[in-house]
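Bear in mind that the values here come from a model prediction, so they are computed numbers and not experimental data. Basis for what follows: all heavy atoms, side chains included, without hydrogens, waters or symmetry-related copies. Letters go in sequence order (proteins before strands), and every chain restarts at 1.
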Amino acid sequence: MNMAETGGTIRSSGTLDEKCRKLRRMILLMIHEARSGHPGGSLSCVEILVLLYHGLMRHDPQNPGWADRDRFVLSKGHAAPALYAVLADCGYFPVEELSTLRQFGSRLQGHPHMQSLPGLDCSTGSLGHGLSIASGMALGLKLRGSSSRVYCLLGDGELQEGSVWEAIMSGPALALSNLTAVVDNNGVQLDGRTCDIIPVEPLVEKWKAFGWNVRRCPGHDVDAMGEALSGIKAGPSVLIADTVKGRGVSFMEGDCSWHGRAPDDGELADALAELGSW
Amino acid sequence: MVSGDLRPSREGYIEGLLEAARIDSRVVVIDGDVGRSLGTQAFHERFPGRYFNLGIAEQNMACHAAGLSLEGFMPFYATYAVFAVGRALDQIRTSICNMGLAVRIGGAHGGSSVGPDGGTHQALEDIAQTRTLPGMTILVPADAAQTRQAVLASLSIPGPVYIRFGRNPVPQVYSLEQPVMSGMGNLLREGSDIVIVACGAMVAPALEAREVLSGKGVDAAVIDMVSVKPLDEKLLLETTGSVAGVVTVEDHQVAGGLGGAVAEFLAVNRPLPMRILGVPNRFGESGTPGELMGLHGLSTGGIVSAGIDLARSLG
């Protein structure tokens with residue numbers, strides 16, 4: 001199965017909902033097994049990653065180094081469990097390996113380490129780097145005359161890092177029409193609500209003022225996000241995807257205490273019960 | 001060997017870039033609004049499609065270089081060393097070194113060479129900052145010719161490379177043709193009593209000091225350790241077999257620089273008395289490079305004093 005290779009659009013269906021539920025279960029299981037990790041920001045970006053890996057991106061799990069693939073940079077590297085789940089589900093590596101997350105000797109470090117794991121286009125973990133790296137990749141692809149695109153996923157809290165705005169400023173100057181940023185705008189960071197700490201809104205106006213094509217839509221609606229990003233050609237683009245931190249597990253949703261802690265046995269059972277079977 | 005003609009090492013950096021771009025299509029240049037200052041505008045004129053001025057944004061420069069490297073290019077980004085390294089240290093660590101990317105960082109106006117600009121602009125910590133990073137190669141050339149060769153040498157070095165060079169004109173130590181290699185120092189003078197290990201702008205004063213010491217009965221070898229990381233350990237072992245001690249000298253903080261690197265190696269492999277000459281745990285101030293180096297004891301006289309002190313203390 002190589003459903004994403006053509007970069008075609010996808011339509012929501014029961015199958016897609018099931019896939020997202022399954023990925024959420026995988027995320028919770030691996031973080032529980034690891035006894036540490038970041039469930040909140042992993043659960044909030046599941047639909048975004050499904051849109052990218054099963055809708056927008058041209059890629060081939062059988063050929064991770066394919067020169068003409070589209071690239072993905074997980075700038076919010078702490079959402080690694082979500083990316084690992086999607087990559088394993090696509091077939092980049094065995095699903096069974098997800099249970100080694102964060103363990104000594106594992107290819108699945110706490111934050112993505114590209115040298116050890118097929119399917120990763122970049123190592124990330126220090127917030128504020130990813131968009132600049134993605135921009136450099138997009139520039140390189142443009143220089144080579146490649147038609148590949150670069151996608152970069154950022155967190156809303158991450159936008160507090162000043163270096164992100166350096167890249168937001170330079171992207172239009174470099175005319176990077178092959179660069180797409182997505183902001184997983186879940187509104188919650190480690191210490192609390194982003195709006196209560198250092199607000200990052202108004203995001204649409206800010207990115208527009210810096211010269212980007214901006215779209216905004218609900219971030220758990222794969223169809224809506226696909227529609228929003230379709231047809232944008234000139235200049236770099238950004239999708240502000242409004243999401244819910246901890247999405248899918250009611251007792252985690254919107255609660256900053258789930259930014260970076262693993263569920264215990266009982267919490268895992270409750271969460272899995274809520275997410276249903278697959 | 002040392003020529004009376006003075007040239008800024010940055011001129012060698014630009015010459016190296018132009019030649020590197022001519023022979024290697026992977027080479028691209030990222031500038032940080034210092035094209036007029038460094039002379040990288042010449043590269044822009046010659047290779048307009050391979051030059052990108054990202055403005056005053058060192059963190060963005062470093063990560064753009066990482067992205068270009070991931071796509072198979074060999075980016076050189078340069079600005080004043082104090083910002084090229086210090087401002088972007090997290091990016092260099094996590095997004096360049098952690099991925100082992102072949103990014104080349106040009107640290108211009110290194111050390112006291114930017115004198116009148118004052119303490120804020122004098123990069124005296126950059127070698128220490130880069131030396132701790134796994135996989136980083138550090139080249140600190142002594143003159144324009146060696147800086148050009150360092151740029152060319154970097155084309156075949158795997159992983160990240162930091163090239164640190166100065167602003168002010170310095171004496172010419174090398175011929176144009178003498179190559180630079182990672183892990184290779186140059187034994188410029190042999191000597192049986194002590195060994196002086198220098199890098200960058202301190203190589204020429206070290207050679208002068210050697211002549212003065214000779215007149216005072218101290219026979220000093222002089223090593224130019226242009227490759228601060230990896231060190232030329234073989235050369236250190238070969239030259240220190242029967243000497244009384246080692247003097248290191250650099251235009252950089254004592255902590256964590258060339259002296260520290262040599263001391264770390266010798267302490268384990270051949271413990272010897274040492275004198276480590278560098279900036280003694282303080283910031284610079286405005287002044288000419290010569291005045292500042294004098295303040296820090298980084299002069300021919302300072303090296304001579306340390307050499308005599310070392311030789312005498314050992315009888």
Among [range], which residues come closer than 4.5 Å to chain A, judged by heavy atom distances?
{"range": "residues 48-62 of chain B", "result": "Gly49(B), Phe52(B), Leu54(B), Ala57(B), Glu58(B), Gln59(B), Asn60(B)"}
{"range": "residues 13-25 of chain B", "result": "none"}
{"range": "residues 90-118 of chain B", "result": "Asp90(B), Gln91(B), Thr94(B), Ser95(B), Asn98(B), Met99(B), Gly100(B)"}

### For the student: nearest non-hydrogen atoms of Ser170(A) and His64(B), plus distance
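Minimum heavy-atom contact is OG-CE1, 3.6 Å.
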
So does [X] have more than 12 non-hydrogen atoms from other groups sitting under 6.0 Å from [atom1]?
{"X": "Arg87(B)", "atom1": "CZ", "value": "no"}
{"X": "Met114(A)", "atom1": "CE", "value": "yes"}
{"X": "Arg282(B)", "atom1": "CZ", "value": "yes"}

### Message
Going by salt bridge (charged side-chain N to carboxylate O under 4.0 Å, His left out), name the pairs with one or both residues in residues 60-71 of chain B, residues two or more places apart or in two chains.
### Response
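Matches after skipping sequence neighbours: Arg71(A)-Glu71(B), Arg144(A)-Glu71(B).
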
### Task
Flag the pair Leu143(A) / Leu68(B) as yes when at least one side-chain heavy-atom distance between them is below 4.5 Å, and no otherwise.
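SC-SC contact between Leu143(A) and Leu68(B) confirmed.
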
### Message
Counting C-beta onward and ignoring hydrogens, is there a side-chain heavy-atom pair between Leu70(B) and Ile133(A) closer than 4.5 Å?
### Response
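The answer is yes; the side chains approach within 4.5 Å.
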
#### Entry: Nearest-0.5 Å distance, SG of residue Cys63(B) to CE of residue Met137(A)
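The distance works out to 12.0 Å.
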
### Task
For chain B, find which of Ala134(A), Gly128(A), Ala67(A), Cys122(A) contributes the most heavy-atom pairs closer than 4.5 angstrom.
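Most heavy-atom pairs under 4.5 Å with chain B: Cys122(A).
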
### Task
Can you tell which part of Leu131(A) gets under 4.5 Å to a heavy atom of chain B, answering side chain, backbone, both or neither?
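It is neither, since no heavy atom gets under 4.5 Å.
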
